[in-house]
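Working notes, structure below.
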There are 2 protein chains.
Amino acid sequence: MSGCRCACAKFSKSGFLMTKPADGRKRVVIEGVDPEVNAGRFPIKRIVGDIVQVEADVFGDGHDRVTCHLLFRHEDESHQQRVKMEPLGNDRWRASFPVNKTGRYFYTIVGRVDHFGTWRGDLMKRLEAGQDVCLELQTGGLLVEQAARHAEGKDAIQLNEWAHILRTDCDSEDAKVVALEPILAEVMEEYADTGLETKYGRELAVVVDREKARFSSWYELFPRSCSPTVGKHGTFRDVEDRLEYVSRLGFDVLYLPPIHPIGESFRKGKNNSVTAAPDDVGSPWAIGSELGGHTAIHPELGTLDDFLHLMAAAKKFGLEIAMDIAFQCSPDHPWVKEHPKWFRHRADGSIQYAENPPKKYQDIYPLDFESEDWIGLWDGLKGVFGFWIEQGVRIFRVDNPHTKAFPFWEWVIGEIKRDHRDVLFLAEAFTRPRVMERLAKLGFSQSYTYFTWRNTKQDLTDYLEQLTGTEISEYFRPNFWPNTPDILPEPLQIGGKAAFMSRLVLAATLATSYGIYGPAFELQEHTPAKAGGEEYLNSEKYELKHWDLEDKNSLAPFIGIVNRARHENAALQANHALVFHATDNPYLICYSKKSVDGSNTILVVVNLDPYHVQSGWVDLDLDKLGLNPREPYQLHDQLVDTRYLWQGSKNYVELSPLKIPAHVFRVLRRVRSEKDFDYYL
Amino acid sequence: MSGCRCACAKFSKSGFLMTKPADGRKRVVIEGVDPEVNAGRFPIKRIVGDIVQVEADVFGDGHDRVTCHLLFRHEDESHQQRVKMEPLGNDRWRASFPVNKTGRYFYTIVGRVDHFGTWRGDLMKRLEAGQDVCLELQTGGLLVEQAARHAEGKDAIQLNEWAHILRTDCDSEDAKVVALEPILAEVMEEYADTGLETKYGRELAVVVDREKARFSSWYELFPRSCSPTVGKHGTFRDVEDRLEYVSRLGFDVLYLPPIHPIGESFRKGKNNSVTAAPDDVGSPWAIGSELGGHTAIHPELGTLDDFLHLMAAAKKFGLEIAMDIAFQCSPDHPWVKEHPKWFRHRADGSIQYAENPPKKYQDIYPLDFESEDWIGLWDGLKGVFGFWIEQGVRIFRVDNPHTKAFPFWEWVIGEIKRDHRDVLFLAEAFTRPRVMERLAKLGFSQSYTYFTWRNTKQDLTDYLEQLTGTEISEYFRPNFWPNTPDILPEPLQIGGKAAFMSRLVLAATLATSYGIYGPAFELQEHTPAKAGGEEYLNSEKYELKHWDLEDKNSLAPFIGIVNRARHENAALQANHALVFHATDNPYLICYSKKSVDGSNTILVVVNLDPYHVQSGWVDLDLDKLGLNPREPYQLHDQLVDTRYLWQGSKNYVELSPLKIPAHVFRVLRRVRSEKDFDYYL
């Protein structure tokens, strides 16, 4: 069965329709199917437990009634299930199906003229007009008789009986009763002739992932900076000692930068200097040395066994290890000798290092996806994933996927997910919109975003409406990062603690997946390497750091509270119902989210100004919040455990950067009144 | 060559990507192609002389430059022409091609990584930074050497010479000059290796028609009412005598209701009564009698020769005859006996007449498109078109196409246009939006619309923006009718002469094709059969009428003026640049149109209130009109030959229903000033 087919008429060499279709009597048209990405070229994404809602325009010529069904199946099943679609008016139809297993589901639509339904509807109109319907009943009897031929057993007998009454006793009241009997309509539906049914030209796919694909909280740390001793290279054992801390902060994914041997040639020194001192540790992204490449472990971090031990320990703390996959090599990587064809060569035979002219990155050799041995390259890269999957890794954060050929990603992710449906991929692509969208379409489970650079109310609103309210939401799952080892955004450089807090709340409540690069984040590291840039001064990418986790100013407790709110409120685990509400102050942004089942609603207000108290009136869309304008409702702040009683759409808010610059309210619709007393009843 | 192909990866039975693509090194993606209807399933429409502008998202991974080309060809040619696409930013590209012949054109897009362009751009950055580029020049030399292998003759020699300089003399200034030589870039482009070029997965079609498909003015009349003698059945000869009149009104298509023998059985009497008097002439749409069917001519109108004579005479007046094709039969139609299988039968063996329960239309037998002899039926119906095409008919107004199976229309229109590219089809479908759109997609050249029921400023604006500003404009060509023999809209019933005038101006200036049912229109026939209905009292559909064309109140002269304005202003012959301008009075609607070349601009203001003088300020979008806010401009009213001098966006307008309730201004940008005198220079 092909995953995608063309419903194309046949054209001759000159492009003309030359032959009649196989059966020109298929009168129903199916088009405008939603969701459908790139005309069915790519799957949509869901998580286990979701309901997939499908709509389509389905219509026929003339005035006959039309009926249509949504067909779906899980890839493990060959049997297609049918769900009857309901009309929404204007030839639009809708049906849904649940996705209860990981893997791929397929769906499509069939439609046909509903001859019996048309006959039955017309009959009712005739009866209402008091017409003689004897001949009509007989004609209906013919339809029932035809259906009986497709039926067996009891149903066949029953249908023939009904047909007999309609055909031979059409003057009787009995016949009219039989004709309008709902059970007759049901059985007729079951045995309807589907020979002239139109099938939508494409079978559409859904990739269903485990829940973490949508709802995840990431913490990134450099293992080598985890030693309790200043200046000592940290190990996986040290990371184990850090697990309790990360877990206390409420994260569930622990993401480690590359853990492989680091190249020596052209190693970068502190602050990205082109010459390294003898004791400089180098960038973990300069992967590979004589000690091995992408499947080896940097000896100073420990052994493979230590890594396995760390994974097991993390699991006990509810943490899953995400591994960094950076497909690039240091000049010392074993592949450079083993597979010279995987690299591009210059006129003198040397290998082309990475460049962004006039900048040169001589410590990095990019892979050449136009290599004549591209097949070997693809298999080799797949082998890297395969190795770590065997060790139990199930989340990969892929470094710069946009600098590798697109077809590779579709192939490798497809291959891996065929055998391991629980594997997730995060695309670390900070690049142009079409490229980021494409990577998500090709299979990445989550994607880095432009959130890092969206700071104003208008920018945040526009961007989130695009991510959650357009077709993008069908395949692109945002993961919001207020900082990364590469990016210390300007607001964090200049905004102080309030900026860190507000950016954290925004990331954690606007997106269901978010992450921070710590402990730089909670300790509010904010000095850039140079003014106007976004690199950290003394970046951890090039040196060991020692972080004082006990710092009294640390945001760790606050982060713990924010993450608890995420875990306790299903509204923060879904993106679909994000609504922005008006405020009369450009520094106050206000939005709400609802859980899929509607039982949990969260209302967030954030002060975007890190310097001043900002106050103003929010103007809530009560309709979208499901609130009655005449009844009070309670707001329970999940960050500070205070409660407010509000009524109507306009309410006052004041937020100080010196305290907590945000409200994260749980909305409690029901406020007790005298009617709640027993004696009132 | 297939008209449409899927760019689908191969899926296994379980839906997974199983194999690597044929060449995984094709790194460029092409998507978001516009125009493209239903993912390429249907062609777009253009007329001869148009430019087809195509846009697409084209991008690759990483930072390499990308180049892409639009490919196109006419169906008569096998050679594809290439046009280089220009970048618009954000990975969007654009190119255009002209369509100079009727028939089908095909277009698609190819894209590839531009290795030479990338190298050249990088080199410029390196040179700017003062780097040593010797090795780079040598590497570029390799690229040039490779290209030389694809070249022949002079070009090959030249390329090899350049390559030699770059490879062997890289320290010289010569090499740098050669490297940046624009002619080198050009020749490299020509001999670029296209082996890793990505081809867009679909070849898209354009149906190119003659100009009348877009710009046409229709006049509908009943030939039988054309006799100069009251009560006498008109003939084709009488119609000939009417040609000068119709031509004087400025029309170019003369549309005749069916001219075939009219059935006797269940013939409808005057005002659609179910019993006909012996002298009742019946409805022309009850087609067929013992005298013949769809290829016969009603004897009272004349002979086939008379019809041919009429067509020839019409041509002299610049009028083309449009024939009505109504695929339905009276019970007396020869097909009823010859092809009983083409009709649906009831339980008693009788043929099912048309119904809209509880209403019955016993004088009409619909054709059964689910007939087991559907192939015979399709061929038979095609034969009807074929017969009249042989007689010289080139325009068909198809009655109720939405009650015939969709696949039939795609097939028959395709078949006919293969051999006769100049044939045009107008779909008379007043039905739901998706159905009307589908018929247009299937091949109808023009379509009836909801204009008839769009009367307020908001409704007209919304509808026109949909027709001209969305994808619909790619395939749906509106034809606006203020009235038809079936529809006397309420505003014409109650609005008097001013309503007729304003509706005419709206139809004639909002759409490039429009039509009226005359002489009922110009004589302002406005009495409905019953209040609340839209049927004419004493409808011409069921009886002979005698029209007093000399009536002093006739709108004939006014219609002539409006049609002259249409012919003299190219802006009124194109729909693409329709812009609505604000007014401060809800009864004043204001809009402008521009010709394709921009040289002609028309500004229209219509008073939608047929009872009162309405005045107010229009607020023009000067930018879209191409007017300088600081310079005066002249408006020349095409209806009354008066001129106004305006300046800026806000200007006063007053329109009286007692005079002409509309302005149709030609905008003259240039107003003479003292600088126009010779001595000023």
Below 4.5 Å, heavy-atom pairs only: which of [options] has the largest tally toward chain B?
options: A:Met124, A:His74, A:Arg27; value: A:Arg27
options: A:Cys170, A:Ala129, A:Pro357, A:Pro43; value: A:Pro357
options: A:Ile413, A:Val113, A:Val435, A:Val29; value: A:Val29
options: A:Asp348, A:Val28, A:Thr431; value: A:Asp348

Side chain, backbone, both or neither: which part of [X] has a heavy atom under 4.5 Å from chain B?
X: A:Asn38; value: side chain
X: A:Phe59; value: both
X: A:Lys382; value: neither

Do the charged groups of [X] and [Y] touch, with an N to O distance under 4.0 Å?
X: A:Lys404; Y: B:Asp61; answer: no
X: A:Glu355; Y: B:Arg126; answer: yes
X: A:Asp57; Y: B:Arg432; answer: no
X: A:Glu31; Y: B:Arg438; answer: yes

**Fill in**
A:Phe327 meets the ring pair (Phe, Tyr, Trp, His ring centres under 6.0 Å) criterion, sequence neighbours left out, with A:His294, A:Phe385
**Prompt:** Of all residues at least two apart in sequence or in a different chain, which pass the ring pair (Phe, Tyr, Trp, His ring centres under 6.0 Å) check with A:Phe42?
**Reply:** none
**Request:** Determine, stepwise, if the pair B:Arg92 / A:Arg434 fulfils side-chain contact (heavy atoms from CB on, under 4.5 Å).
**Result:** CA-CA 9 Å; B:Arg92 195 84 181 147; A:Arg434 293 302 90 70; over 6 Å; no
**Prompt:** Who wins among B:Ser371, B:Gly141, B:Gly140 for the most heavy-atom pairs under 4.5 Å with chain A?
**Reply:** B:Ser371
**Asked** Which residue out of B:Asp379, B:Asp64, B:Leu123 racks up the most heavy-atom pairs below 4.5 Å with chain A?
**Response** B:Asp379
If I compare all heavy atoms of [X] with all of [Y], which pair ends up nearest, and what's the gap?
X: B:Leu142; Y: A:Ala347; value: CD1-CA, 3.9 Å
X: A:Trp378; Y: B:Pro21; value: CZ3-CD, 3.5 Å
X: B:Trp411; Y: A:Thr19; value: CD1-O, 3.9 Å
X: A:Ser350; Y: B:Leu135; value: OG-CD2, 4.4 Å
X: B:Arg25; Y: A:Glu370; value: CD-O, 3.4 Å
X: A:Gly24; Y: B:Ala405; value: O-CB, 4.3 Å

**Note, B:His63 side chain near A:Asn356 side chain (heavy atom, < 4.5 Å)** = no
How many angstroms lie between atom [atom1] of [X] and atom [atom2] of [Y], to the nearest 0.5 angstrom?
X: B:Trp374; Y: A:Lys26; atom1: CH2; atom2: NZ; value: 10.5 Å
X: A:Thr198; Y: B:Phe406; atom1: OG1; atom2: CZ; value: 10.0 Å
X: A:Glu136; Y: B:Gln352; atom1: CD; atom2: CD; value: 6.0 Å

**Request:** Please assess B:Arg346 against A:Gln138 for the test side-chain contact (heavy atoms from CB on, under 4.5 Å), listing each intermediate value before the final yes or no.
**Result:** CA-CA 8 Å; B:Arg346 304 201 292 174; A:Gln138 290 179 3; over 6 Å; no
**Request:** Select one option (side chain, backbone, both, neither) describing which atoms of B:Ile375 are under 4.5 Å from chain A's heavy atoms.
**Result:** both
